[in-house]
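Here's the structure, in structure tokens; my notes come after.
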Amino acid sequence: MSDLRITEAFLYMDYLCFRALCCKGPPPARPEYDLVCIGLTGSGKTSLLSKLCSESPENVVSTTGFSIKAVPFQNAILNVKELGGADNIRKYWSRYYQGSQGVIFVLDSASSEDDLEAARNELHSALQHPQLCTLPFLILANHQDKPAARSVQEIKKYFELEPLARGKRWILQPCSLDDVDALKDSFSQLINLLEEKDHDAVRM
């Protein structure tokens with residue numbers, strides 16, 4: 001091979017390297033979804049969201065009104081509006097539902113019977129609310145690390161999820177602060193439901 005051919009080959013390789021490094025362009029923007037997070041006080045909403053954001057547990061303060069966190073994932077960013085779960089706040093939840101694309105409902109699987117009944121009533125109300133009833137739901141049975149925690153099957157039966165949520169898009173998952181990988185996997189499943197809903201909207 002002549003010196004000229006060799007030089008041309010090297011120049012072409014340099015050009016390809018330059019394109020790969022410099023002409024790739026910025027990565028595509030991750031889609032963002034606006035979610036509402038509800039559940040009774042003490043269910044662990046704030047702690048779970050803070051864990052996903054890698055925030056120090058010492059700085060976690062229970063939400064009394066509402067707060068917003070941007071929770072980053074590899075394939076999406078979830079803008080989560082967390083609503084306080086006290087008795088005097090829950091009656092105002094519906095004022096903050098507008099614009100939501102999905103729902104996170106957190107319950108304390110180790111709570112008292114009275115609190116579990118209250119959580120069931122609130123979940124039933126949310127599943128049937130006109131602004132939420134068509135949205136994907138992620139239902140987290142939190143505090144699975146506690147001895148008194150009820151299993152997912154017990155929660156599903158007690159909350160009557162099969163008949164009530166038939167035809168809806170929902171996921172019921174166990175979780176605790178001790179297992180962040182399982183928590184992230186639950187949110188990944190929710191993101192899949194959100195993406196499916198986006199694709200359905202495009203097809204329509």
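These numbers come from the heavy atoms of this one structure, side chains and all, not from hydrogens, waters or symmetry mates. Given the structure is predicted, the values throughout are model-derived calculations rather than measurements.
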Are the side chains of [Y] and [X] in contact, using a 4.5 Å heavy-atom criterion?
X: I191; Y: L78; result: yes
X: K81; Y: D34; result: no
X: V36; Y: I38; result: yes
X: S176; Y: H143; result: no
X: L127; Y: L161; result: yes
X: L140; Y: I104; result: yes
X: C37; Y: L83; result: no
X: V80; Y: I68; result: no

Euclidean distance, D87 CG relative to L40 CG, rounded to 0.5 Å: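 The CG atom of D87 is 7.5 Å from CG of L40, to the nearest 0.5 Å.
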Distance in Å, D179 CG paired with K51 NZ, rounded so as to fall on 0.5 Å steps: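 D179 CG to K51 NZ: 10.0 Å, rounded to 0.5 Å.
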Would the distance check show the side chain of [X] and the main-chain N or O of [Y] forming a donor-acceptor pair, the cut-off being under 3.5 Å?
X: Q189; Y: S186; result: no
X: K45; Y: G39; result: yes
X: W93; Y: G84; result: yes
X: S188; Y: K184; result: yes
X: R90; Y: G85; result: yes
X: S43; Y: L107; result: no
X: H124; Y: F159; result: yes
X: R30; Y: F73; result: yes
X: S109; Y: N142; result: yes

Between F66 and Y96, ring centroids under 6.0 Å: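 F66 vs Y96: aromatic centres under 6.0 Å.
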Residues Q131 and S100: side-chain donor-acceptor under 3.5 angstrom: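 No, S100 and Q131 have no side-chain donor paired with an acceptor closer than 3.5 Å.
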For [X] and [Y], which heavy atoms make the closest approach, and how far apart are they?
X: A70; Y: I77; result: CB-CG2, 4.3 Å
X: P174; Y: Q144; result: CB-CG, 3.6 Å
X: F105; Y: A119; result: CZ-O, 3.4 Å
X: G44; Y: V106; result: C-CG1, 4.4 Å
X: L194; Y: P136; result: CD2-CG, 4.0 Å
X: L177; Y: S47; result: CD2-O, 3.6 Å

V152/Q173 under side chain to side chain contact (heavy atoms under 4.5 Å, CB included): CA gap, chis, key distance, verdict: CA-CA 7 Å; V152 166; Q173 290 287 93; over 6 Å; no
Test side chain to side chain contact (heavy atoms under 4.5 Å, CB included) applied to L172 and F137, step by step: CA-CA 8 Å; L172 171 62; F137 271 71; over 6 Å; no
Atom OH of Y92 with >12 non-hydrogen neighbours under 6.0 angstrom: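 At most 12 heavy atoms, drawn from other residues, nucleotides or ligands, come within 6.0 Å of this atom.
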Y97: ring pair (Phe, Tyr, Trp, His ring centres under 6.0 Å) partners, not counting sequence neighbours: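 For Y97 the ring pair (Phe, Tyr, Trp, His ring centres under 6.0 Å) partners, ignoring immediate neighbours, are H129.
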Pairing of E113 and R150 as salt bridge, 4.0 angstrom limit: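 Between R150 and E113 there is a salt bridge, with a charged N closer than 4.0 Å to a carboxylate O.
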Option passing side chain to side chain contact (heavy atoms under 4.5 Å, CB included) with L35 (candidates N79, L190, L138):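 By the side chain to side chain contact (heavy atoms under 4.5 Å, CB included) criterion, L35 pairs with just one of N79, L190, L138: L190.
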Intermediate values then yes/no, side chain to side chain contact (heavy atoms under 4.5 Å, CB included), R120 and L123: CA-CA 5 Å; R120 183 175 75 165; L123 179 57; 5.8 Å; no
Side chain to side chain contact (heavy atoms under 4.5 Å, CB included) between K69 and C53, worked out: CA-CA 8 Å; K69 286 185 184 296; C53 293; 4.2 Å; yes
Side chain to side chain donor-acceptor pair (under 3.5 Å) partners of residues 155-164, not counting sequence neighbours, each pair once: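 Found E117-Y158.
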